[in-house]
Structures are given as C-alpha cells and as structure tokens.
Amino acid sequence: MKRAEQLEECLYFIIILFTFQNTQMTTYQLRLGLDLIENHFDSTSKQITSYLNRKGPLQLGIIARDLKLSISTVSQCLSVLCIHDIVEYKQDDSNSKRVLYMFNVKRALYILHYAKCIHCAKQLYHGTGELIIEKLLLHGKRQMSQILADVYNTLSKVFKDSVSITSIRDCFQHLASAQFIQRVSTSNQESKQMSNMPIIVEEAPSTQYQVPELTQDEVKRLATTEPQPNKKFKSSNNTNSFGDENIFWKVNFQRFFDYLRDQELISAFTSRIDQNAGEIIRAILRLAETKPQPNSQRTIKLSTLDISKSLATTNPLSEDLIQKYMSVITGDVNNCVIKVDEQGKGSYIIDFQLASTGLTKAHAQSFLKERYGSNALRIYNMLEERGCLSQKQIEDMAMISAKEAQQYVYSMFIDGILSLEELSKANDFNPMRTFYFFRVNLYNVVLSLLEQCYKTMSNLMQRHTYETERHQKLIDKREKVDKIILDMREQSVAEEQIKEVEDILSPAEKDQIKKLDAAFRKIDLAQIQLTETILILEIYLTLSNSSVPISKKTGGKAIAAKLLENKTQD
C-alpha cells in the first residue's frame, strides 16, 4: 500500500509539471517568429509585432504612443509587414474609419521555408525561376512588369545579350500555370470605410493564375526600364504603364509545401524499396497534378495503364513489372498507397494523410531514439501497438527493470510524448481505487516535437548571431582581404602580390576563421534539417483530423476494461 501511495503522489507531481509546461508551449513558437522578423526586417518591426502579440489588434496611433515611436516609423514598418502578410489589418467594429492591426505568427514562421522555395524554383525552372521567386519573397507582393524588369536587369549583367524579356515572361507563365505564384488585385477606388487602405479584391479561381499579356512595345519598354524600389513605377507620364497597376503577385506557399511533401514521399519510397518504386510514386503524383482533384487529401484514381504511359518517356517499365511493384508498394507499412479496384489492371490512389502520418512517425521514432535511447523507443512502439498499458504491464512486457521503465515512461510523459488515462472503480476517482494507463497520441507527440524544433531553431539563430558579433572584426577583415584579392585577380595581378595580401591575415587568424566557418556550416546544416522536420510535422497537423485530447478520459473504455479484467484475474 505504501508503494502505491508513493506512486500516486509521483504521478500527481508529474501531472502538475506537465500542466505548467503546456502553458509555455507557444512561447518557443513566438520567440522563433520574432527572431525571424528581427533577422529579415529590423528590431523595430520585432518590437511592433511583439507588442501586437501581447495586446491584440491595435490602431496605428496607439502602437506609436505606447512604444514611444514616431507615426511615420510605425506606419512604414506596418506597411512592409502587411505587404508580407505578417501583419494583417481589419476594420474596427466600433468605428468603421479606424483600422486595427494584428500579428500573424504562423505567417512569420513561413520565413523558415524561403530558402527551400527558392531552391525548388531553381530545380524546376532554373535560374530565371529562382530569381522570380526570390524577388517575390523579397518584396512580398509585386507587379509582373516590375518583376520582369528586375529579373531582366539582373540576368543581363551576367549573360549580356543572351537573355530576353519574352523568355522571362514564359518562365513567369510556367510558375503561374503550376500555381507556385498567384494574383492579388486591388481596387482603383479608395475605401470610404478604411481611409488610405487599399481594397483587396478576391480573385476568382479562373483568373487567380492568369498572366496578363504583353505587347511588343511593352516588351521593348520593359527591357529599358530601371528597377524601382517602390510598389509602383514613378513617372510623370504614362510611358511606364503596362496595364497591371492593380494586379500584384505573391508566392503560393501552400503549393510549395505540397511539392516538398511529394518529394519527401518519393524519397521515402526510394530509400525503403528502390529507385523504380520512387519513380512510380513520382509518376502518380505528376498525373494527379494534371487532373482535377475533388479531395485535396487524396489523389485521383489512376490505373496501371496510366502509370505505364507516364513512365514511358522517363523510365519505361513493363505493365507486369509495374503491377509487381505496386503490390509491394501497397503492402508498405504506412499503407498510404491504396488499391481501390481492378479497372485498367488495377487502380490506385495516394492518401496524403496516411503518408504524412508515416513520415511523422519516422521522425518521431528517430527523435525518441536519440533523446531517450532504444529502450524508450521500444516502450513507445509497444504502446503504439497495444493501445494503452499500465505501469506494471509496461515493465513486464518491455522486459526492462521497474526503475528503468519508470524513468523512461515518466520522462516521455513530462515531455508530452505519452498521455495518461484514468479508469476508476468509483465516480470519486479516489487514487486508491483508480487505475492509470499510459498511451501514445501522435497529435500530442507532434506538438511536443514542434516545440522542441522551434526552441532548437531559435537557439541556433541566436548562436549564429552571437558568434558573428563576437568575431565581427575578424569577419570584416577577412571580407576586405577577399575583396582586394578578387579585384587583383580581375586585373591579372601576379600571384606573388596576391600572396602578400593573403599574408595580411596571421596564421592564428586563419585558424580562427577555419573554426568559425566550420561552426557556421554545422549551424546551417542543423537549420536545414530542422526546417525539413518542421515542414513534415506542420503538414501532419494540417491534414490530421485529430483534436488535442483533454485531461479526462474520452476513449478506449473497452481496452481499459479488458486490461482491468486481466489485471484482476492476475
């Protein structure tokens, strides 16, 4: 009895700790969002968004007064943040002429994926597509004519006369057709309700990705147009008007996330089976993109004949071999590829929710093994397979000592990996007449992993900033030396003179630079891996139909009753 009372006291203590930790869960997400804003904008923008997060929707004047900043400074920061959708605005219900500003933390976290979006555009549409996406991410929203002029001026400095406005416009058309970019329109009329604020007109699905046409005269004028820093071309006449003054374009992040999800799925099947299996999954996903889908969580039904025709040009495989591969793919542990009927030698669909669940489980298992060890992973897999088990059953079935099992279980419970369910013999939930069962809830696991990722990413960014500030003089000195050497090489200076310039840096400084570069490489690699993990976990939360469980028991009564019956018999 004494041991049982001690166990109950320990459980209640853990519950208190876990509840306290849950109140701090969003702080890591917020801290990362504010750090990203400070790195990509400035400290004033971080100060404004942090204040908006604490106080809720506020007016421009109140923000400037409370933060003791000038109206022009706050207005300029808010306008930039609104263009990037990091700050949203709406009409005040009490006064239709007042505008309230709100901070969108989720949109601020999209900054993490900017590099991935640019890399995807480069892979699919080469350097031109990369520059178009980069310009859109830099400016938030921009007119097509401005983007074409900016990209043309950038490419013409490198490729001279080998680039044309027409080819850039074609690449822009391909990005819009693939829905990687989309239109946002504004009305010519000023809003009577919200003074000086543009009226955003929602684009119809038929025109959301429609690219305006350019005449030959407009193409010639674009080739001679200098890049403009503002949203609109400033001119005293209409020579720089291209008919798209009210049509702006922005990056469609959801389309990029879907593409990255597909790439993760292809990579998973390639590593699990072989290259041909990955190409078959790629063909299914490519066919699903070209045909309308009534359900975004599943691809359309595709037959073996369709898959064979799609593979004929890239990786020709016989229909019999494709059927053998499909039997292996459908038998995969994730069961995300489902055979629906026998039409056309078998028809198949891909369930994205099941696919994201499988990818998420793989990340969770990898995290558990690294953080807690293989024994904790065995307990986790056992609970995931069995449903819910008591502390005693975990000790017996995992074949681990009681002390070790308790340590692993309580550690995972405190971190939110495991959840606790109560089954009482009476309605009073007296600890002496209550059984406690642990179980795995993947939704909770994902939330816990995301918080760990946000915290780690924020720490890495701060570490990078700290190392940069600590060695700023050395970094500046290295940059000056590198610039001098680059200019000397362009002028074909003798190597002996270049060697003399390189000797400006002492051997100790060169060793310090090597160590600093190695540290920065490790930080960058960790950030890239974390960004991929965060994307997978966020996709799972988006597709999952689960809800955050409450503390009281809400399900699994039959399983718990059966476990209680077995325990009583024992």
Side-chain angles (χ1 to χ4, degrees), residues 31-32 34-46 111-123 125-139 150-163 226-227 229 453 455-533:
R31 189 177 76 175
L32 176 58
L34 294 176
D35 288 343
L36 289 169
I37 290 173
E38 184 178 21
N39 287 353
H40 288 76
F41 298 95
D42 52 30
S43 57
T44 306
S45 298
K46 177 183 178 180
I111 299 175
L112 285 173
H113 309 293
Y114 278 11
K116 270 287 186 181
C117 294
I118 295 172
H119 180 67
C120 289
K122 183 177 182 180
Q123 284 185 319
Y125 304 101
H126 309 292
T128 305
E130 176 189 9
L131 277 175
I132 291 173
I133 297 299
E134 185 179 348
K135 297 292 183 182
L136 283 174
L137 292 175
L138 178 63
H139 297 283
D150 288 353
V151 174
Y152 176 80
N153 281 277
T154 303
L155 291 177
S156 60
K157 294 177 182 178
V158 180
F159 299 103
K160 306 291 182 183
D161 299 330
S162 60
V163 63
E226 293 294 330
C453 291
K455 180 180 179 181
T456 306
M457 181 66 77
S458 182
N459 291 339
L460 287 171
M461 292 173 60
Q462 292 180 8
R463 182 67 183 183
H464 192 283
T465 303
Y466 169 76
E467 292 293 341
T468 302
E469 293 175 352
R470 182 184 175 189
H471 301 91
Q472 189 62 55
K473 292 183 179 179
L474 182 60
I475 293 173
D476 292 341
K477 185 176 181 181
R478 193 262 299 268
E479 289 179 351
K480 290 179 181 179
V481 171
D482 290 343
K483 185 177 180 181
I484 293 172
I485 292 174
L486 181 62
D487 293 338
M488 293 175 70
R489 292 189 187 280
E490 289 179 353
Q491 297 174 8
S492 302
V493 179
E495 289 295 329
E496 294 180 356
Q497 295 179 350
I498 295 176
K499 182 65 175 175
E500 292 178 0
V501 175
E502 290 177 349
D503 291 338
I504 294 176
L505 294 171
S506 65
E509 289 176 333
K510 291 180 179 179
D511 291 340
Q512 187 63 34
I513 287 173
K514 288 181 180 179
K515 293 179 181 179
L516 188 62
D517 290 341
F520 283 159
R521 281 195 296 270
K522 288 182 180 179
I523 292 174
D524 293 341
L525 180 60
Q527 287 179 331
I528 292 172
Q529 293 174 341
L530 268 177
T531 303
E532 294 176 354
T533 303

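Computed from heavy atoms alone, side chains included, the values below leave out hydrogens, waters and symmetry copies.
Annotation: the span from L32 atom CG to T456 atom OG1 amounts to 10.0 Å, rounded to 0.5 Å. Between the CG atom of L516 and the CZ atom of R521 there is a distance of 10.0 Å, given to the nearest 0.5 Å. L138 contributes atom CG, which lies 9.5 Å from atom OH of Y114 (distance to the nearest 0.5 angstrom). Distance check, rounded to the nearest 0.5 Å: CD1 of I528 to CG of L112 gives 12.0 Å. I118 CD1 to I133 CD1: the interatomic distance, rounded to the nearest 0.5 Å, is 8.5 Å. With rounding to the nearest 0.5 angstrom, the CG atom of N39 is 9.5 Å from the CD atom of Q462.
Partners of Y125 by ring pair (Phe, Tyr, Trp, His ring centres under 6.0 Å), not counting sequence neighbours: none found. Remark: R489 engages E495 in a side-chain hydrogen bond (donor to acceptor under 3.5 Å, both in side chains) (not counting sequence neighbours). Under the rule for a side-chain hydrogen bond (donor to acceptor under 3.5 Å, both in side chains), the partners of E38 that lie at least two apart in sequence or sit in another chain are K46. For E490, the side chain to side chain contact (heavy atoms under 4.5 Å, CB included) test picks out L486, D487, with sequence neighbours left out. For H126, there are no ring pair (Phe, Tyr, Trp, His ring centres under 6.0 Å) partners two or more places apart in sequence or in a different chain. Applying the side-chain hydrogen bond (donor to acceptor under 3.5 Å, both in side chains) test to E532 and every residue at least two apart in sequence or in another chain returns K116. Annotation: side chain to side chain contact (heavy atoms under 4.5 Å, CB included) contacts of Q527 (sequence neighbours excluded): M457, L460, M461, I523, D524. Partners of D503 by side-chain hydrogen bond (donor to acceptor under 3.5 Å, both in side chains), not counting sequence neighbours: none found. Partners of S45 under the side chain to side chain contact (heavy atoms under 4.5 Å, CB included) rule, at least two apart in sequence or in another chain, are I37, F41, D42, C77, L81.
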Table please: side-chain donor-acceptor pairs of residues 471-481 below 3.5 Å, with sequence neighbours left out.
residue: H471; atom: ND1; partner: E467; partner atom: O; Å: 3.1
residue: H471; atom: NE2; partner: Q512; partner atom: NE2; Å: 3.1
residue: Q472; atom: NE2; partner: D476; partner atom: OD1; Å: 2.9
residue: K477; atom: NZ; partner: E509; partner atom: OE1; Å: 3.1
residue: K477; atom: NZ; partner: E509; partner atom: OE2; Å: 3.1
residue: R478; atom: NH1; partner: D517; partner atom: OD2; Å: 3.3
residue: R478; atom: NH2; partner: D517; partner atom: OD1; Å: 3.4

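Looking at heavy atoms from C-beta onward, V158 lies out of side-chain contact with L155 at the 4.5 angstrom threshold.
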Trace of the side-chain contact (heavy atoms from CB on, under 4.5 Å) decision for Q497 with V501:
CA-CA 7 Å; Q497 295 179 350; V501 175; 5.9 Å; no

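Residue pairs meeting the ring-ring contact (aromatic ring centres under 6.0 Å, His included) criterion with at least one member in residues 475-517: none, sequence neighbours excluded. The salt bridge (Lys or Arg N to Asp or Glu O under 4.0 Å) pairs that include a residue from residues 125-136 number zero, where partners must be two or more places apart or lie in different chains.
Across all their heavy atoms, G129 and A121 have their closest contact at O-CB, 3.6 Å. Of all heavy-atom pairs spanning S458 and D35, the tightest one is OG-OD2, 2.7 Å.
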